[in-house]
Amino acid sequence: MIWAIAGLAYSLVYAALVAALDDAHLRLLVGNVALLLPPLAPLTVVVWRRRRWRGHEAVYWGAIAAWALLWFIGQIGWSNDEVLHATPNPWFRWHIILQLCGSALPLIALVARPHRREAPERAVTSVLDITVLVVLTAFLYWSLIIAPGTERAQSSMALRSLAIIGPLVRVASMAGLLWAAWDARPGPWTAVYLRMTAGLVLAIALLTVLSMMVVRGGYQTGSPADVGWMLPFFFAAWAAESAPVSSVERRAVALTPVRHSSPALLFAAILTVPFLGYGLVYFAPMGVVIDRMREIATVATLVGGIALILVRLRVEQHAVEQANERVRLLAAACEQAVELIMIVAGNRIAYANDAFCRAVGYSREELEHVTPVALVAPESQADVPALRERLREKQAVRSTTVMLRRDGSTFHADWTASPILDGAGRITHVVGVVRDLTDDLRLRDQVVRSERLSAMSELVSGVAHELNDPLQSIVGTAQTVSGESSDPGLKKDLERVRHEADRAGRIVRNLLTFVRKSAGERVLLDVNEVVQSAVRLRAYGVEIAGIEVREEYAPNLALVLANRDDIQQVVINLIMNAQQAMTGSGVHGVLSVRTAMEQDAVIVEVRDEGPGIPPEVAGRIFEPFFTTRPAGSGPGLGLSVAFGVASAHGGTLELIPVGRGACFRLTLPGGGFPGPRAVH
Ligand code: ADP
C-alpha cells in the first residue's frame with residue numbers, strides 16, 4: 001500500500017512542480033529526471049524479494065522487472081537525446097522500441113500464469129514463450145511504426161499510430177489482468193492482479209490525454225500527463241511487495257502429467273514475420289536503406305524466433321524425460337519394496353506390488369477383480385466403515401487388521417492408508433502400505449514362551465535337586481533292607497518301592513536335562529550320521545505303525561560341536577511324537593526327516609502328516625509336564641527335554657508353521673568346520 005501512496009504523492013508533487021515551472025527548458029529537465037525514477041520502484045521490490053519466488057511466480061516477476069528495466073534503459077536513451085543532444089521528442093529511435101516492448105510486458109508476463117501453481121518444470125517454457133513474444137513485439141513495432149516513422153513524410157502518420165497503440169496496449173494489459181484476477185479467484189493472486197490493474201487504469205486515462213497532446217503536437221517531456229507513465233510502476237511495486245511467496249512444497253511427481261502448452265501458436269506467429277516483413281518491403285517500399293534494414297530485421301526475427309522455439313522444444317523434451325525417469329524410479333521402488341503396497345481407486349485395486357500379490361496369494365490380474373474389502377478377514381470387517389469415513393475426511397489412517405488370503409488363511413497386518421489428492425483437492429486414489437505382522441507376532445510369542453520356560457526351569461531345577469537326594473536314599477534303603485530280609489512278601493514290596501523310586505529318579509533326571517544350562521561332553525559331530533542312527537533306532541516301530549519314512553540329508557552339512565547322546569535323544573523324541581501323532585489319529589502318512597544348512601547353522605526338521613498342533617496348544621508344548629495324551633501314557637517331558645538340549649547347545653527348537661501336520665525344527669550353530677562330505 002505504501003508504494004501506491006508514494007506513487008500518488010510522487011505524481012502529485014511532479015504534476016504540481018511542472019505546472020508551476022515557467023521555464024520550458026527546466027520543465028524538460030525535471031520531466032526527464034522524474035521519469036527515470038518510477039521504474040526503479042518495482043525493480044527494487046522484485047530484486048529485494050527475488051528469493052521468495054520460484055517457478056512461474058519467479059518468471060512472472062522477472063518479466064515485470066524486465067518491463068521496468070527496458071523502460072528505464074529506454075528512458076535513459078530518450079533523456080540522452082532530449083537533454084544532452086537537444087533533440088526534443090525523439091519518438092523514432094532505438095530506445096523507443098525498448099520502452100514499447102517493456103510496456104507490453106505486463107500483458108505478455110501473464111503467459112506465466114503464476115496463480116495456477118503449475119509444476120516448476122514448466123517455468124522454463126514460460127520464459128521462452130515470453131522471450132519469443134517480446135521479440136515479435138519488437139519486430140512488429142519496428143516494422144510497422146518505428147521504421148516508417150524515420151521517414152519524414154510518414155512520421156506524422158506513424159506518430160498517430162504510436163499515440164493509439166500506447167493506450168491500446170495498456171487497455172489490453174488491463175483486460176488480461178482482469179481475466180487473470182478472475183481466474184485466480186479466490187486465491188491471493190486476485191488482489192495482486194487488481195493492484196496491477198489499478199495502476200493501468202490510471203495510466204490509460206492519463207496517457208489518452210497525453211496521446212492527444214502528441215497528435216496535436218502539443219506534447220513535451222515535463223507535462224503533467226507524464227504521470228501516466230509513472231503510476232503503473234508504483235502500483236506494480238505495491239503488487240510485487242504484497243505478492244504471495246512460492247510454496248516450498250514440491251512433489252516429485254505431480255498427479256497431473258507435465259503438459260506444456262503447444263508451441264503451434266508461437267510457430268504460427270513467427271511464420272507471419274516473413275509475410276509481414278517482406279510484404280511491407282514489397283507493397284510499401286521506403287527507400288533502399290530502410291528496406292534493407294527491414295529485411296535484416298525480418299531475417300533476424302525469424303531466425304531468432306525459430307531458434308527460441310527449438311530451444312523450447314528441447315527444454316520440454318528434457319523435462320518430459322526427467323519426469324519419466326522419476327516415474328520409472330518410483331515405480332521400481334514400489335515394485336521392489338519389501339512392504340506390501342497397493343493403490344486403490346474407488347472400489348478397485350488399481351495397483352499392487354509383487355510383495356502384496358505374494359502375501360495375499362492373488363496374481364495381479366486376479367486382484368483387478370477383487371475389492372479391497374474382500375481382503376479383510378471377517379473378524380476385522382466391523383472396523384471398515386469407520387476407517388473409510390476417516391479416509392473420506394482426507395486423513396491418513398493407520399490400523400491393524402486381520403487380512404484374508406486367497407486360500408482362506410489369515411494374517412495380522414499393520415497398515416497405513418493415505419489419500420492421494422488431485423490439484424483440486426479431490427481424493428483420486430488411496431495408497432496403502434501394509435506390513436505383514438506374522439513374523440513379529442511369532443517372535444513375540446517366542447519371547448513370551450521362552451521367558452515362561454526360563455521361570456519354569458528355575459522352579460523345576462529347585463524341585464528336582466530337592467527330590468534327587470531323598471529318592472537316592474529311598475532306593476538305597478530299600479535295597480539294603482531287602483538284602484537283609486528273608487520275608488518274600490516284604491522283599492516284593494521293597495522291590496516295588498525301589499522300582500517306583502527308580503521311575504521317579506528317571507523323571508527327575510529328565511527334568512534336569514530340561515533345566516541344564518550346559519551340555520555334557522561335546523565332540524565335533526556329523527549331524528547327518530546322528531540323525532541316521534536315531535532314525536534307524538526308531539525304524540522298526542515306525543514301520544510297524546505303517547508309516548513311511550522319508551530321509552533327506554544335506555551333503556554340505558558343517559560339523560557341530562555337540563553331545564552325541566543328547567542330539568540323538570532330541571531326534572528320537574521328535575520322531576516318537578510324530579509317530580504317536582500319526583498313529584493316534586489313524587493316519588499312515590509320511591514322516592520326513594531332513595537336514596539342511598542355513599547360513600552357518602545346521603538344521604534338522606522332523607515333519608509328520610498327523611493332525612498338527614492347534615494354535616491354543618502350540619504355545620505350551622515345550623513346557624515340562626504339558627501333554628495332551630491321556631494320563632499315564634506320557635509324562636509330557638519329550639519336547640521340554642529336547643528344548644533344554646537345544647538351548648544348552650546354543651541352538652533352538654521351534655514349531656514351524658506348515659500346511660498339514662506338524663514340523664519341528666532343531667537349529668544348531670555350526671562349529672566352523674566343514675562336514676565330511678564337503679571335504680575332498
Ligand atoms: P508327550 O509326548 O509326553 O505328551 P511332549 O513334550 O513330547 O510330551 O509333547 C507335548 C505335547 O505336544 C503332546 O502331548 C502333543 O499334544 C503335542 N505334540 C508334540 N509333538 C506333536 C506332533 N508331532 N503332532 C501333534 N502334537 C504333538
Side-chain angles (χ1 to χ4, degrees), residues 442 445-446 448-450 452-457 459-461 463-464 503-504 506-516 531 534-535 537-539 541-551 565-594 603-648 651-667:
R442 206 177 52 221
D445 278 359
Q446 244 169 30
V448 169
R449 208 176 302 149
S450 71
R452 204 167 60 217
L453 283 178
S454 85
M456 206 173 269
S457 73
L459 178 77
V460 165
S461 151
V463 173
R503 198 164 78 87
R506 270 200 308 278
I507 292 176
V508 166
R509 271 195 300 283
N510 271 334
L511 280 177
L512 286 172
T513 316
F514 164 63
V515 299
R516 201 164 58 196
V531 174
V535 173
L537 276 173
R538 296 298 315 160
V542 174
E543 255 172 52
I544 293 273
I547 294 167
E548 182 196 336
V549 181
R550 257 182 227 161
E551 296 160 80
D565 292 344
D566 282 355
I567 302 299
Q568 195 176 43
Q569 187 62 49
V570 171
V571 181
I572 287 174
N573 286 1
L574 295 178
I575 293 175
M576 277 170 67
N577 275 349
Q579 180 193 338
Q580 278 168 4
M582 279 156 74
T583 46
S585 61
V587 184
H588 305 287
V590 177
L591 192 163
S592 334
V593 180
R594 184 175 88 89
I603 285 178
V604 181
E605 271 180 14
V606 177
R607 182 173 177 174
D608 62 63
E609 293 181 340
I613 300 172
E616 60 276 15
V617 171
R620 302 195 54 203
I621 50 173
F622 295 110
E623 290 173 13
F625 301 116
F626 175 82
T627 180
T628 54
R629 299 185 213 294
S633 59
L637 282 175
L639 283 180
S640 48
V641 165
F643 187 89
V645 169
S647 311
T652 55
L653 180 67
E654 294 162 283
L655 174 65
I656 304 292
V658 281
R660 183 174 155 217
C663 177
F664 285 90
R665 174 186 284 189
L666 170 71
T667 308

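Indexing begins at 1, ligand by ligand and atom by atom, following the structure's order.
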Element-labelled atoms of ligand 1 that are located less than 4.0 Å from some non-hydrogen atom of Gly612 = 25 (C)
Would you mind telling me if ligand 1 is within reach of the side chain of Ile613, the backbone, both or neither, using heavy atoms under 4.0 Å?
-> side chain
Student check: side-chain heavy atoms of Arg607 and Leu591 closer than 4.5 Å | no
May I ask you to test the His588-Met582 pair for a side-chain heavy-atom distance under 4.5 Å?
-> no
Looking only at heavy atoms, which two atoms of Ala646 and Leu666 are closest? And how far apart?
-> CB-CD1, 3.6 Å
Side chain to side chain contact (heavy atoms under 4.5 Å, CB included) with Ile575: which of Ile572, Asn577, Val571?
-> Val571
So which of Leu639, Leu655, Ile621 gets nearest to atom 19 (C) of ligand 1, if we judge by its closest heavy atom?
-> Leu639
At a 4.0 Å cut-off, with the gap strictly under it, does some heavy atom of Phe664 reach an atom of ligand 1?
-> yes
Check each atom of ligand 1 against the heavy atoms of Ala578 and keep those under 4.0 Å away; list them by number with element.
-> 23 (N)
Any idea which of Ala642, Pro624, Ser585, Gly636 brings a heavy atom closest to atom 3 (O) of ligand 1?
-> Gly636
Atom indices of ligand 1 within 4.0 angstrom of Thr628 heavy atoms, with elements | 13 (C), 14 (O), 15 (C), 16 (O)
Under 3.5 Å, N or O to N or O, is Pro611 touching ligand 1 that way?
-> no
Any donor-acceptor pair under 3.5 Å linking the side chain of Glu609 with the backbone of Val590?
-> yes
Member of Asp566, Asn573, Asp565 meeting the side chain to side chain donor-acceptor pair (under 3.5 Å) criterion with Gln569 = Asn573
Is Glu654 close to Thr667 at the side-chain level, that is, under 4.5 Å between some pair of heavy atoms?
-> yes
Quick note on ligand 1: atoms under 4.0 Å from a heavy atom of Ala581 include exactly 22 (C), 23 (N), 24 (N), 25 (C)
Quick one: CD1 on Ile621 to CZ on Phe664, what's the gap to the nearest 0.5 Å?
-> 4.0 Å
Thr627 heavy atoms, cut-off 4.0 Å: which ligand 1 atoms fall inside?
-> 1 (P), 4 (O), 14 (O)
Heavy-atom distances under 4.0 Å are what count here, so tell me which part of Asp608 touches ligand 1: side chain, backbone, both or neither.
-> side chain
